[in-house]
Amino acid sequence: MKIKDGFVTRKIGDKILAVAVGERSKQFNGMITLNETAQYIWKCLEKETTSQKVVEKVMKQYSIDEQTAVKAVEGFISELKQNELLDE
């Protein structure tokens, strides 16, 4: 799975936003506010990967246990799927 092409992230002030650009903006005309963890997961999903690999990276990055990482990753991936932002 990976984030669909046509999205970029930008830091504006103290907020991190994901926005659609180019042709993608015709299909998704909103923006997504990301916290630090969501931004990290987003970056992991910019290249083809699996949820397990993302969980492992989140565990290492934040020095957290697997259960906490799975909850964060699965929650964010679920939101991305609901908004049709992932290629699977």
Inset, instruction - Give a yes or no answer on whether the side chain of N35 reaches the backbone of T37 with a donor-acceptor pair at less than 3.5 Å. - result: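 Indeed, once roles are kept as given, a pair shorter than 3.5 Å links the two residues.
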Report whether [X] and [Y] are members of the same hydrophobic cluster (ILVMFWY, side-chain heavy atoms less than 4.5 Å apart, transitive linking).
{"X": "W42", "Y": "M31", "value": "no"}
{"X": "I41", "Y": "I32", "value": "yes"}
{"X": "V21", "Y": "L17", "value": "yes"}
{"X": "I3", "Y": "V19", "value": "no"}
{"X": "V8", "Y": "L80", "value": "no"}

Enumerate donor-acceptor pairs with a distance under 3.5 Å from any side-chain N or O in residues 63-76 to protein atoms, sequence neighbours excluded.
residue: D65; atom: OD1; partner: Q67; partner atom: N; Å: 3.0
residue: D65; atom: OD1; partner: T68; partner atom: N; Å: 3.0
residue: D65; atom: OD1; partner: T68; partner atom: OG1; Å: 3.2
residue: D65; atom: OD2; partner: T68; partner atom: OG1; Å: 2.9

Legend entry - Salt-bridge contact E84-K4 (side-chain N to carboxylate O under 4.0 Å):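 Answer for the salt bridge query: no.
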Legend entry - Carboxylate-amine/guanidinium contact E23 K26, below 4.0 Å: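 Yes, this pair counts.
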Inset, instruction - Would you check if I77 and L45 make a side-chain contact, meaning some heavy-atom pair closer than 4.5 Å? - result: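 The answer is yes; the side chains approach within 4.5 Å.
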Give the minimum heavy-atom separation between [X] and [Y], together with the two atoms involved.
{"X": "D5", "Y": "R24", "result": "O-NE, 2.9 Å"}
{"X": "K57", "Y": "C44", "result": "CD-SG, 3.8 Å"}
{"X": "E36", "Y": "Y62", "result": "O-OH, 3.4 Å"}

Legend entry - Flag if over 12 foreign heavy atoms under 6.0 Å of NZ, K2: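 Yes - once you tally the heavy atoms of other residues, nucleotides and ligands closer than 6.0 Å, there are more than 12.
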Legend entry - Separation between CD of E56 and CD of Q61, rounded to the nearest 0.5 Å: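 So the gap between those two atoms works out to 14.5 Å.
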Legend entry - Interatomic distance, F28 atom CZ to L85 atom CG [nearest 0.5 angstrom]: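 Nearest 0.5 Å value for the CZ-CG distance: 5.0 Å.
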